[in-house]
Amino acid sequence: MTKKKKIKKTNEERILDQHGVDYQETDFDWLKLGESALAQAEAEGIPAKSILKTIVLQANGSGRDYLVICLPLEYEIDLKIVAAELGKKQVHLADNKKLIQITGYVHGANTPIGISFKQGFPIYFDERIKDFPEVSVSAGKVGRSVRVNQKELVKLVKGKYLKVQK
């Protein structure tokens with residue numbers, strides 16, 4: 001009889017457990033597999049537009065004014081629109097080389113769950129995700145995601161919806 005290998009939960013999954021948020025683990029390495037990961041997700045019945053990436057932005061050139069935008073993998077952010085929506089003079093992408101210092105995560109593992117609880121940065125979601133009852137976000141580890149109820153996730157991280165593109 002073979003033993004079933006127990007998968008160690010990430011801190012983000014523990015946060016979801018502590019707050020009674022149901023989730024489903026998914027293991028797709030979006031960074032490595034790219035478009036084929038999206039095709040694999042679609043084949044499993046997960047709409048590609050419900051799979052979110054987590055982007056860390058820095059506002060007004062301040063070393064302390066960070067914010068997080070979550071949007072579908074296939075979409076881009078219009079930084080001028082985001083700045084205007086938030087009443088900021090300007091926003092730009094945070095330095096990828098400093099992401100681990102800023103958020104505690106490496107590129108590809110940033111997650112609104114962990115960033116909200118560890119750093120307290122404001123979390124914004126592309127308003128277009130309102131169409132999806134469930135969304136996928138990183139579970140805090142490259143290649144590991146969680147699929148959660150969209151409204152519960154937004155509530156958990158005290159997120160807000162935002163227009164991020166025309």
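Residue numbers count from 1 along this sequence. Since we're looking at a predicted model, the values are computed, not measured.
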Chemist: Could you check whether Lys130 makes a cation-pi contact with Tyr161, meaning its NZ or CZ is under 6.0 Å from the centre of the six-membered ring and within 45° of the ring axis?
Modeler: yes
Chemist: Name the residue from Val135, Leu71, Val154 that meets the side chain to side chain contact (heavy atoms under 4.5 Å, CB included) definition with Phe125.
Modeler: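 Considering Val135, Leu71, Val154, a side chain to side chain contact (heavy atoms under 4.5 Å, CB included) with Phe125 is found only for Val154.
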Chemist: Within a radius of less than 6.0 Å around NZ of Lys141, do more than 12 heavy atoms belonging to other residues, nucleotides or ligands occur?
Modeler: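 Counting other residues, nucleotides and ligands, NZ of Lys141 stays at 12 neighbours or fewer.
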Chemist: Checking side chain to side chain contact (heavy atoms under 4.5 Å, CB included) against Leu57, which of Val68, Leu86, Asp65, Val82 comes through?
Modeler: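 So, applying the side chain to side chain contact (heavy atoms under 4.5 Å, CB included) to Leu57 and each of Val68, Leu86, Asp65, Val82, only Val82 qualifies.
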Chemist: Between Lys49 and Asp131, does at least one N-O distance fall below 4.0 Å, as a salt bridge requires?
Modeler: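 No.
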Chemist: Any side-chain heavy-atom pair from Glu76 and Gln165 closer than 4.5 angstrom?
Modeler: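 Counting from C-beta outward, Glu76 and Gln165 do come under 4.5 Å.
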Chemist: Hey, could you give me the CG/CD1 distance between Leu162 and Ile129, rounded to the nearest 0.5 Å?
Modeler: 11.0 Å
Chemist: Just do the side-chain contact (heavy atoms from CB on, under 4.5 Å) check on Tyr105 and Gln119 with the steps written out, would you?
Modeler: CA-CA 11 Å; Tyr105 298 93; Gln119 304 300 338; over 6 Å; no
Chemist: Could you check Lys118 against Thr103 for side-chain contact (heavy atoms from CB on, under 4.5 Å), going step by step and ending with a plain yes or no?
Modeler: CA-CA 8 Å; Lys118 291 179 184 175; Thr103 67; over 6 Å; no
Chemist: Is there a side-chain contact between Tyr124 and Cys70 in this structure, where contact means two heavy atoms from C-beta onward sitting under 4.5 Å apart?
Modeler: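 Contact flag for Tyr124/Cys70 side chains = no.
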Chemist: With rounding to the nearest 0.5 Å, note down the distance linking CG in Leu99 to CD1 in Ile55.
Modeler: 9.5 Å
Chemist: Is a side-chain N or O of Thr10 found less than 3.5 angstrom from the main chain of Ala139, in a donor-acceptor match?
Modeler: yes
Chemist: Report yes if some heavy atom in the side chain of Val142 is under 4.5 Å from a heavy atom in the side chain of Val106; otherwise report no.
Modeler: yes
Chemist: Would you say Phe132 and Val157 are hydrophobically clustered, going by side-chain heavy atoms of ILVMFWY under 4.5 Å?
Modeler: yes
Chemist: To the nearest 0.5 angstrom, please state how far the CD atom of Glu152 sits from the CD atom of Glu134.
Modeler: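 It is 9.5 Å, given to the nearest 0.5 Å.
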Chemist: Check the hydrophobic clustering (I, L, V, M, F, W, Y; side-chain heavy atoms under 4.5 Å; chains of links allowed) and say if Leu153 and Phe117 are grouped together.
Modeler: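 Linked within one cluster.
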Chemist: Show your reasoning for whether side-chain contact (heavy atoms from CB on, under 4.5 Å) applies to Val137 and Ile113.
Modeler: CA-CA 9 Å; Val137 295; Ile113 301 163; 4.0 Å; yes
Chemist: Counting C-beta onward and ignoring hydrogens, is there a side-chain heavy-atom pair between Tyr66 and Ile115 closer than 4.5 Å?
Modeler: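 No, every pair of side-chain atoms sits at 4.5 Å or beyond.
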Chemist: Kindly say whether Asn60 contributes a backbone atom to a donor-acceptor pair with the side chain of Lys89 at under 3.5 angstrom?
Modeler: no
Chemist: Could you check if a side-chain atom of Val146 sits within less than 4.5 angstrom of a side-chain atom of Glu13, using non-hydrogen atoms only?
Modeler: yes
Chemist: Both conditions, 6.0 Å and 45 degrees, for the charged tip of Arg147 above the ring of Tyr23: are they met here?
Modeler: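 Judged by the rule, Arg147 and Tyr23 form no cation-pi pair.
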Chemist: Who else is in the cluster with Ile81 when I, L, V, M, F, W and Y are joined by side-chain contacts under 4.5 Å?
Modeler: none
Chemist: What's the spacing between Ser138 OG and Ile51 CD1 if we round to 0.5 Å?
Modeler: 12.5 Å
Chemist: Using a 4.5 Å cut-off on heavy atoms from C-beta on, say whether the side chain of Arg14 contacts that of Asn11.
Modeler: yes
Chemist: Is there a side-chain contact between Val56 and Leu93, using heavy atoms and a 4.5 Å cut-off?
Modeler: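 Contact flag for Val56/Leu93 side chains = no.
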Chemist: Give me the atom names and distance for the closest heavy-atom approach of Glu74 to Ala48.
Modeler: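 Taking Glu74 first and Ala48 second, the nearest heavy atoms are OE1-CB, 4.0 Å.
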Chemist: Which is it for Lys80 and Asp78 under the salt bridge (Lys or Arg N to Asp or Glu O under 4.0 Å) test, yes or no, and what are the steps along the way?
Modeler: CA-CA 6 Å; Lys80 288 181 180 180; Asp78 184 321; over 6 Å; no
Chemist: In Å and rounded to the nearest 0.5 Å, what is the CZ to OG distance from Phe121 to Ser116?
Modeler: 10.5 Å
Chemist: Would you indicate whether Asp17, at its atom CG, is surrounded by more than 12 heavy atoms from other residues, nucleotides or ligands within a distance under 6.0 Å?
Modeler: yes
Chemist: Please say yes or no: joined through hydrophobic side-chain contacts below 4.5 Å, possibly via intermediate residues, are Val164 and Leu52 part of one cluster?
Modeler: no
Chemist: A side-chain contact here means heavy atoms from C-beta on lying under 4.5 Å apart; do Val91 and Gln58 qualify?
Modeler: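 Val91 does not reach Gln58 side chain to side chain.
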Chemist: Within this structure, what is the CG-CG distance for the pair Leu16 and Asn149, rounded to the nearest 0.5 Å?
Modeler: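 The distance works out to 11.5 Å.
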Chemist: Are Asp126 and Lys163 within salt-bridge range, i.e. N to O under 4.0 Å?
Modeler: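 Looking at Asp126 and Lys163, the cut-off is not met.
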